[in-house]
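Counting starts at 1 for both ligands and their atoms, in listed order.
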Amino acid sequence: MNMAVSSIRDEKLQDSDFFRDVLAGLAGEQKTLPCKYLYDEAGSLLFEQICELDDYYLTRTEAAIFRQHITAMARQVGPGALIIEPGAGNCEKVEPLLEHLQAPSGYYPIDISPEILLAAKERITARLPNLEVIASIGDFTQADVWEGLKNLSTQKRVLFFPGSTIGNFTPVQAENLLGFFAAKLGCGDGLLIGTDLVKDSVVLERAYCDSEHVTEEFNKNILARINSELNGNFDLSLFAHRAFYHPLRQRVEMHLVCLKSHLVQVAGRKFEFAEGETIHTENSHKYSISGFNRLLLRAGFSPVCHWSDPQQHYAIHYAQI
Ligand code: AVI
């Protein structure tokens with residue numbers, strides 16, 4: 001590569017959130033990396049594999065709750081509703097709900113990936129030709145992707161946020177995010193949201209330290225991403241995957257443990273790693289029903305009801321403004 005091209009590339013790189021967040025995260029006393037960066041193309045594929053694992057009970061438990069209670073959920077949402085889904089991805093989870101709703105006025109999925117969202121829109125339109133699907137491309141934490149809602153008239157808006165995604169935010173961040181969602185809704189509008197419940201630590205730790213080591217690969221992939229996108233030289237064999245339940249914080253923490261003291265370079269910056277030191281890569285918060293109800297209230301929602309599985313591993317809550 002000639003010097004001019006490489007300096008343009010470096011400038012672009014230094015302008016990215018990924019660059020800034022990684023350098024700031026590795027410079028802290030407790031090294032951290034924001035979990036949203038686990039999901040590049042390889043990471044997203046690995047996460048899909050995690051969802052299929054026997055040890056990872058969350059996805060299949062949530063799907064079973066939807067299957068069993070979909071009629072009651074559709075009744076709770078009510079007729080003529082517009083369903084809004086932040087971070088919709090391939091929109092697979094919402095389909096059974098859309099099919100069971102009485103005369104929904106539309107579906108408004110928001111996602112950063114145009115390819116995945118537009119393919120999903122085609123699939124849903126083929127299956128439900130009378131449903132208006134308005135795909136909004138972008139980051140759901142930014143105001144612009146919500147603009148399209150202003151032109152849509154509807155009897156009621158219901159936000160759909162499954163997958164225990166809320167668990168990857170700290171309780172304060174979760175309260176702020178739900179408050180941000182609440183501000184997009186009006187009186188009588190609703191929220192249908194999935195949360196993983198507090199439970200036995202053995203079950204929790206097995207879900208995040210699976211016997212097939214897919215979560216290990218998912219966790220280490222963030223280092224591979226830094227190597228390829230930020231010119232890093234992480235040796236993945238010098239890091240081990242660790243995930244444990246922290247009962248006081250009610251969360252599973254995911255870390256990468258350094259196995260031997262060494263120096264790592266990222267985008268020309270040097271970072272020292274001591275043996276045993278960790279990079280904290282993800283939190284996955286678990287809630288009790290009452291704890292989550294309190295969070296909903298603080299964010300401006302009134303809890304209405306919830307549905308759970310027989311083992312009380314997971315819950316889907318309905319709340320309204
Ligand atoms: C996306 N999120 C809800 C997953 C979770 O369970 O916190 C991410 C994940 N991390 C490791 N395994 C799955």
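In this model, a donor atom of one side chain and an acceptor atom of the other lie less than 3.5 Å apart for Thr278 and Gln30. A donor atom on one side chain and an acceptor atom on the other are found under 3.5 Å apart for Thr141 and Asp139.
Counting heavy-atom neighbours within 6.0 Å of Glu272 CD, excluding the residue itself, gives a total of 12 or less.
Considering only non-hydrogen protein atoms, atom 2 (N) of ligand 1 sits nearest to Asn168 OD1, 2.8 Å. The protein non-hydrogen atom at the shortest distance from atom 7 (O) of ligand 1 is Ser284 OG, 2.6 Å.
Taking only nitrogen or oxygen atoms, main chain and side chain alike, Thr165 does not reach within less than 3.5 Å of ligand 1. On a distance-only criterion, Glu282 and ligand 1 share at least one N/O pair closer than 3.5 Å. The N/O atoms of Tyr56, backbone and side chain alike, include one that comes under 3.5 Å of an N/O atom in ligand 1. The shortest N or O to N or O distance between Lys286 and ligand 1 is not below 3.5 Å.
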Using the rule given for ring pair (Phe, Tyr, Trp, His ring centres under 6.0 Å), can you reason through Phe161 versus Phe140, listing the C-alpha separation, both sets of side-chain angles and the distance that settles it, and then say yes or no? CA-CA 11 Å; Phe161 203 54; Phe140 68 74; 5.8 Å; yes
Chi angles and distances behind the ring pair (Phe, Tyr, Trp, His ring centres under 6.0 Å) call for Phe239, Phe273: CA-CA 10 Å; Phe239 289 87; Phe273 281 83; 5.4 Å; yes
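Atoms of ligand 1 lying under 4.0 Å from at least one heavy atom of Phe218, given by number and element, are 10 (N), 11 (C). Within the listing of ligand 1, atoms 3 (C) sit less than 4.0 angstrom from a heavy atom of Gly163. Listed by number with element, the atoms of ligand 1 under 4.0 angstrom from any heavy atom of Ser164 are 3 (C). Within ligand 1, counting atoms from 1 as listed, the ones closer than 4.0 Å to a heavy atom of Tyr39 are 1 (C), 8 (C).
Ring geometry, Phe292 versus Tyr287: the interplanar angle exceeds 60°, so the pair is classed perpendicular (tilted spans 30 to 60°).
The closest approach between any non-hydrogen atom of Gly167 and ligand 1 is not below 4.0 Å.
The side-chain tip of Arg225 does not point at the ring of Tyr39 from less than 6.0 angstrom away and within 45° of straight on. Cation-pi contact between Lys184 and Phe180: present, with separation from the ring centre below 6.0 Å and deviation from the ring axis of at most 45°.
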